[in-house]
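The sequence lines fix the lettering, A, B, ..., with proteins before strands; numbering per chain opens at 1. If you're wondering where the values come from, they're calculated on a predicted model, not measured in any experiment.
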Amino acid sequence: EAGVTQFPSHSVIEKGQTVTLRCDPISGHDNLYWYRRVMGKEIKFLLHFVKESKQDESGMPNNRFLAERTGGTYSTLKVQPAELEDSGVYFCASSLIAGGADTQYFGPGTRLTVL
Amino acid sequence: DAKTTQPPSMDCAEGRAANLPCNHSTISGNEYVYWYRQIHSQGPQYIIHGLKNNETNEMASLIITEDRKSSTLILPHATLRDTAVYYCIVRGGVPRAGNMLTFGGGTRLMVKP
């Protein structure tokens, strides 16, 4: 069974440009999460989808970040316009059942560098 | 979700058991203890989780104290590939209430030859 996949693995862009990250969850997983780790900081939650609906987006830093999950399958995270402080590693995770007893499985991450 | 406290770093000799402690004194009755690890800059890898009873899988064992205020992750025969940052995370059991994982600083385990 394929795990969580993310594309691209690396992205280098100029400040002010737009970048779109993609996450393909494990097949059949209704729950999809985005996290990120910026330099020197801990991994932080961004948002949580249940199918195509945003369940919790309390971790989204500002309105330059837009996450979508049309059709309840893959998800995209767009950063527009990108700023220097957006550099970091963006992780996606998916799970079958939301709540304490479910397990989130992470993808390999996308390393974003904003110059 | 309850906060956790872990030592920032530990060393372990290759082939020996690695015992990683975690304190979660404010854990509530329906909160689970999860362990993940991150090797280099890879995505966090799920290891094991438990509620009250001790748990064991092919990767590790999880020992939870009777009062649930602390736990220990045991890697029975550590290898060099187990060098990683290990995260102990307490997470609510109520669906749609705090489904996120809250990562702290973790414990950096260095397995030495």
Novice: Taking non-hydrogen atoms and a cut-off under 4.5 angstrom, which of residues 83-93 of chain A neighbour chain B?
Specialist: F91(A)
Novice: Only counting residues at least two apart or in another chain, list the ones meeting salt bridge (Lys or Arg N to Asp or Glu O under 4.0 Å) with R22(A).
Specialist: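 Counting only residues at least two positions away or on another chain, R22(A) forms a salt bridge (Lys or Arg N to Asp or Glu O under 4.0 Å) with D24(A).
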Novice: Decide yes or no on side chain to side chain donor-acceptor pair (under 3.5 Å) for T65(B) and D67(B), but give the supporting numbers first.
Specialist: CA-CA 5 Å; T65(B) 58; D67(B) 63 7; 2.8 Å; yes
Novice: For the backbone of A84(B) and the side chain of R108(B), can you confirm whether one donor and one acceptor N or O come within less than 3.5 Å of each other?
Specialist: no
Novice: Does any donor atom in the side chain of S41(B) or R111(A) lie under 3.5 Å from an acceptor atom in the other side chain?
Specialist: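 Note: S41(B) and R111(A) side chains meet the donor-acceptor criterion.
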Novice: Non-hydrogen atoms of chain A under 4.5 Å away: do they reach the side chain of Q45(B), the backbone, both or neither?
Specialist: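 Looking at Q45(B), nothing touches chain A.
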Novice: Would you check if the side chain of T110(A) reaches a backbone N or O of H10(A) as a donor-acceptor pair within less than 3.5 Å?
Specialist: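 No: the side chain of T110(A) does not pair with the backbone of H10(A).
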Novice: Under 3.5 Å, is there a donor-acceptor pair between the D56(A) and S58(A) side chains?
Specialist: yes
Novice: Between S70(B) and H24(B), is there a side-chain donor-acceptor contact under 3.5 Å, judged purely by atom types and distance?
Specialist: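 Distance-only check fails for H24(B) and S70(B).
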Novice: Pick whichever of K44(A), K41(A), R37(A) has the most heavy-atom pairs under 4.5 Å with chain B.
Specialist: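 Counting heavy-atom pairs under 4.5 Å, the top option is R37(A).
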